[in-house]
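Read through the structure below, which is laid out as structure tokens, and then see the notes.
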There are 2 protein chains.
Amino acid sequence: MEIACFIEAADRHCQQQGVKLTALRRQVLELVLGYPGVVKAYQVLADLQKQRGIAAPPTVYRALDFLVAAGLLHKVDALNGYIVCHHVGCNHEGLILVCGDCGRVEELDATPVLDVLRQQAGGAGFAISQQNLMLTGRCKECAV
Amino acid sequence: MEIACFIEAADRHCQQQGVKLTALRRQVLELVLGYPGVVKAYQVLADLQKQRGIAAPPTVYRALDFLVAAGLLHKVDALNGYIVCHHVGCNHEGLILVCGDCGRVEELDATPVLDVLRQQAGGAGFAISQQNLMLTGRCKECAV
DNA sequence: TTCTCAAATGTTACTTTATAACAAGCAACT
DNA sequence: AGTTGCTTGTTATAAAGTAACATTTGAGAA
Ligand SMILES: [Zn+2]
Ligand SMILES: [Zn+2]
Ligand SMILES: [Zn+2]
Ligand SMILES: [Zn+2]
């Protein structure tokens, strides 16, 4: 199963980083993996409540924060949501496209465009750090 | 004064667009202009309450939405905030650079890089919507 | 002028999103 | 066992954003 496989990889990834993928964090990661695209914190919270009977917002937010810091999820600010990173360990910068309609997500390589950006920003005296580019739009299926 | 000058330009800009920069909208724009960088809706709301005694969230959000739609402000999703667009009339999308150290904000024209992005995303079946790019980095003054 | 209509603003109430602060649990080492 | 530091539980509240309906206002039509 794809999810189990991802979890396994995530586990290794965390061990390498010297951080712990605890049962709770794993459970939250599994819940996020259960969605095809962007998930909101309170959706995860609701799911968690179904599975364990009770859970409060900080429980979910802490787990999500951890997973983002560990590079297993990305936060999508424009949608107040989270997506799974399918390039764990690639160590490249991502170009993340999120469909604002259906939440479908695609992650491409941002290297070429970040080269352009670094040059432009450099001209203004700004040094751009390592990061992902997140863009919203509309996917093939949701096209008007 | 710089603010008065900007307001004047904003006024002309709105007339050209066939939309109205009403007293309220102008007042909100002035309040945002009073800040050096990113401003939050509830800061503006508090300021507005000081000036007119009473105001509710929708009053501020509607004005801010208008100003964003008119191209006078940009929304900064990652910070739940707004910044003044210093390229009014350019009709561009913003490349917003935020210094992770000092919070300074710089805005460039994102059109060229978004052209590249649209092409790359188009290849993956994604239509990228009108938006700003926000990137973090380090500004000239904070350079190591 | 007076009417009418649409846009703008006011008002109330609420939803969604996120965090602070402190208590309790748990695992690893001494 | 005792200590320490990280993790999780719990309560309460803050911050951000919107729905729905009432009221005002101002420009054009009658
Ligand atoms: Zn990724
Ligand atoms: Zn879609
Ligand atoms: Zn701009
Ligand atoms: Zn700086």
Side-chain angles (χ1 to χ4, degrees), chain A residues 10-11 14-15 17-32 35 37-70 72-83 98 100 103 134 136, chain B residues 10-11 14-15 17-32 35 37-70 72-83 134:
Chain A
D11 229 334
C14 286
Q15 279 182 351
Q17 309 279 318
V19 295
K20 277 181 288 188
L21 188 63
T22 64
L24 173 65
R25 290 162 177 173
R26 182 188 318 255
Q27 190 178 5
V28 167
L29 179 55
E30 277 168 6
L31 290 170
V32 176
Y35 290 85
V38 179
V39 201
K40 305 213 156 198
Y42 274 69
Q43 290 182 296
V44 176
L45 177 58
D47 293 348
L48 204 56
Q49 284 168 343
K50 276 183 208 147
Q51 293 193 357
R52 18 173 86 198
I54 189 169
T59 299
V60 161
Y61 278 104
R62 283 192 289 232
L64 291 171
D65 287 350
F66 169 87
L67 295 167
V68 168
L72 296 166
L73 300 182
H74 296 300
K75 176 147 210 259
V76 185
D77 289 317
L79 303 175
N80 297 319
Y82 299 83
I83 59 172
V98 183
M134 188 94 46
T136 57
Chain B
D11 228 334
C14 286
Q15 279 182 349
Q17 307 280 318
V19 295
K20 278 181 288 186
L21 187 62
T22 63
L24 172 66
R25 289 162 178 174
R26 182 188 319 253
Q27 189 177 5
V28 168
L29 179 55
E30 278 168 6
L31 290 171
V32 176
Y35 290 86
V38 179
V39 200
K40 307 212 154 198
Y42 273 69
Q43 289 182 296
V44 176
L45 177 57
D47 293 349
L48 204 56
Q49 285 168 342
K50 276 183 206 145
Q51 293 193 355
R52 21 173 83 198
I54 189 169
T59 299
V60 159
Y61 278 103
R62 284 193 287 233
L64 290 171
D65 288 349
F66 169 86
L67 294 168
V68 168
L72 297 166
L73 301 181
H74 294 302
K75 176 143 208 257
V76 184
D77 289 319
L79 305 175
N80 296 320
Y82 299 83
I83 59 173
M134 211 197 75

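Here is the naming used below: chain letters follow the sequence lines, and residue numbers restart at 1 for every chain.
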* Asked: Going by heavy atoms in the side chains, are B:V19 and B:F66 under 4.5 Å from each other?
  -> yes

* **Side-chain heavy atoms of B:T59 within contact of B:V28, under 4.5 Å** => no

* Structure fact -> Here the distance between atom P of C:dG10 and atom CZ of B:R25, to the nearest Å, is 11 Å

* Asked: Whole Å only: how far is the CG atom of B:L64 from the C1' atom of C:dT9?
  -> 15 Å

* A:R52 CZ to C:dG25 C1', straight-line distance once rounded to whole Å -> 13 Å

* How does protein contact run along nucleotides 16-21 of chain D, one letter per nucleotide 5' to 3', with B for base contact, S for sugar-phosphate only, - for none, heavy atoms under 4.0 Å? -> BBBBB-

* Between D:dC6 atom C1' and A:L21 atom CG, what is the distance in whole Å? -> 15 Å

* To do: Please report, rounded to the nearest Å, how far the P atom of C:dT19 is from the CG atom of A:L45.
  => 14 Å

* Could you state the interatomic distance from CG (A:L64) to NZ (A:K75), rounded to the nearest 0.5 Å? -> 9.5 Å

* Base, sugar-phosphate, or nothing for A:T22, non-hydrogen atoms under 4.0 angstrom? -> sugar-phosphate

* Backbone N or O of A:L79 within a donor-acceptor pair of the A:K40 side chain at under 3.5 Å? -> yes

* Between C1' of C:dA8 and CG of B:L24, the distance in whole Å -> 9 Å

* Asked: Does any non-hydrogen side-chain atom of B:L48 lie less than 4.5 Å from one of B:L24?
  -> yes

* Asked: Would you say the side chain of A:D77 lies within less than 4.5 Å of the side chain of B:V76, judging by non-hydrogen atoms?
  -> no

* Structure fact -> Here the distance between atom P of C:dA8 and atom CZ of B:R26, to the nearest Å, is 14 Å

* side-chain N/O A:T59 vs D:dT8 OP1/OP2, d < 4.0 Å -> no

